[in-house]
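Numbered from 1 within each chain, the chains take letters A, B, ... in sequence-line order.
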Amino acid sequence: MTDIAIRTENLTRRFGDFTAVSDVNIQVQHGEVFGFLGPNGSGKTTVIKLLTGLLPLSGGDAWVDGIDVRKDPEEVREHIGYMSQKFSLYDDLTVLENLTFYGRIYGLCPEKLRSRIDDIVSQNVLGPYVNRQAGKLSGGWKQRLALGCAMLHEPKIMFLDEPTAGIDPVARRQLWDLLFDLSGKGITFFVTTHYMDEAERCSHVAYIYFSKLIADGTPAQLEAMPDVNPVGTRRLEIRTTQVTRGLRLVRKFQGVHYATVFGQSVHALVDGSFDQEGLAKLLKQEGIDITEVRPLTASLEDVFVELTYRRQAEMEGKHA
Amino acid sequence: MRNPFQGMNAMIYKEVIHIRQDSAAIFFALFIPIVQMTILGFGIDTNIRQIKTVIFDDNQKKESREFIDRLRNSDTYRIVKYVYSDHEMNEAIIGAEARVGIKIPWDYSDRLLKGETAQVMVLIDGSDSSVAGQAINVSAAIGLEESLKRVLAVGQTLPVEIRPKVLFNPDSRSPNFFLPGLMAVLLLSVTTFLTAFAIVREKEKGTLEQLFVTPVKPMGLLLGKILPYLGIGFTELCIILVALVTIFKVPIHGSVILLLVLSIPYLFVSLSFGTLISTKARSQAEAMQMAFLTFLPSIFFSGYIFPRETMPLPFYIISMFVPATYFINITRGIILRGAGLRHLWFDAFMLVIMGSLLFFAAARRFQKKVVAT
């Protein structure tokens, strides 16, 4: 038992000539909710498969709960819970039967199994549905049951691969509340997601892009990264009723690095030489109706978009 | 020390619920065989009787009418039509009004009376070879009998008489022959399909991948999947046996216990086949096609329909690798001839060998899949 729940050193996985995961170093502390982000195909799921012992490592080392994944993948499986991207319950089994099945798979004795099922049912608020077939539950309840099934053996570390893909916002929030509740009890969560609001909630995030880890820290640390906030630039939010035309104009201005729309406003990264009033004036000259221009701090989305663009530019530069 | 069968009980628990929930599977497993047995048991009679026959009697005398009566009494021929020209007789056969046309020429009675050889022409539609064969044999026998009667003096007896006695199935009833073979084919198909489906379904749904991250062991997973279907196969066998005796009146001459025991290695063969298919197939439709590929040789090469003795050598060699061959030997041996283990040990031995080889091949492939996912 160590202080560190998950640790990797130069974790690498190759499939033939293709390197899916390249020299990834991660440290996740016990009780953290670790958000693992990255575009599709960047290697997120492969990292989870490596850490859960489903795929052998091609290089580097990894420890989960202090257990060497290379040496004893089976031991790792008994200490972790894993909810895969397409985690499926058995639709024709009831909630209770699903839980009983997974409990038995983990070899829980009957008394232990009963008390664990009681715990999970009350903790995940599954009470009213225990005798309902899993196939007849709605998306959010399915996810709670799935989480329950993956936690019957009291794992300290949970791997969740896109747990909220395709469920409604209310169920999504409820699931996250549950995760924080559990993390308060000392359970570590390793969660992949595409939702930035979910990422903002995490205590620790990392961003993987084309097999390489390119950012790692708290959301606040990432938002303050120099790469995201280059010296001599500032972020501005332009509130307007004519976002589409506004965006088109802003993108044409000299000294605008990047602009995008958020609801009724345009977010732009501009040279320090631009100030709020100057930009507002320029736009008003073009006949745009400006409500307000104000400074903005980078969001996690800005961070990932910026980092992705930079990497793309670097890679293209390399090929050229 | 970890239990190499960890998860087996859990898998059995779950499969039993699946089976209980999936009434279609139960129907498929238990009812369809009875339907197939009924069709083959009552509907099919391979003894050829009542072949549709046209007669062209160009002679129209007492002798020719005697000959026609003989044909009519043989049970092999059923006279459907009398015609009055060669052309009409040909048309009747081409138009499938009749399978056989018999022409008695105008000089039939004259030649008989003069002691010359009288000829009878028998035209046979060869499109069904077994019907044609039977028609030839019976017509030849009738001709021979007719001739002997005329050659022998009154009161004289035949120097040699053949007295055939058919053992074990004295009435040559088709169900007695077909149903024990059908049993082997039905058991094979149902268990292979069910196991292959049960595993491929989990693949399609993604639950199989989920299981691989649990500490369940490949052997536990595999046996947990297979054993409930072994149970179904066994239940089905019992139902078939009961139906065999009560509905189809096929007596079992040998030991039922021996038959049940020897069915276990055979069931293992088909369950392992199902597992092997499931490791290859990505969808249930694909599994279905592959299962059919194993199904057809069992029908055609096992001796179920065509006797193995008359197969060309390459087919005979194939038949030696078809598990149903050995199980059909066992079912026919026990049910029809009352054979014991000392007669059937070789077939039993082959099934045990095939069952174990296939099971370990399935387990190995399965294990590889588990590690490779």
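Proximity of Val216(B) to Tyr102(A): side-chain heavy atoms (C-beta onward) are nowhere separated by under 4.5 Å. Side-chain contact check for His18(B) versus Leu93(A): some heavy-atom pair is nearer than 4.5 Å.
Here the closest heavy-atom approach between residue Phe101(A) and residue Tyr13(B) is recorded as N-CE2, 3.9 Å.
Remark: Phe180(A) CZ is packed, more than 12 non-hydrogen atoms of other residues, nucleotides or ligands lying under 6.0 Å away. Within 6.0 Å of NZ on Lys71(A) lie no more than 12 heavy atoms contributed by other residues, nucleotides or ligands. For Phe210(A), the CZ atom sits in a loose shell: 12 or fewer heavy atoms of surrounding residues, nucleotides or ligands are nearer than 6.0 Å. Atom CD1 of Ile257(B) has 12 or fewer neighbouring heavy atoms from other residues, nucleotides or ligands inside a 6.0 Å radius. Within 6.0 Å of CZ in Phe31(B) there are 12 or fewer heavy atoms belonging to other residues, nucleotides or ligands.
Looking at Met11(B), the atoms closer than 4.5 Å to chain A (heavy atoms on both sides) sit in the backbone and in the side chain alike.
When only modelled atom types and interatomic distance are considered, Glu202(B) and Tyr90(A) share a side-chain donor-acceptor pair under 3.5 Å.
Note that CD of Glu97(A) is 3.5 Å distant from CD1 of Ile17(B), once rounded to the nearest 0.5 Å.
Ser270(B) is linked by a side-chain hydrogen bond (donor to acceptor under 3.5 Å, both in side chains) to Thr191(B), counting only residues two or more places apart in sequence or in another chain.
Under the 3.5 Å distance criterion, the side-chain polar atoms of Gln6(B) are matched with a main-chain donor or acceptor of Ile105(A).
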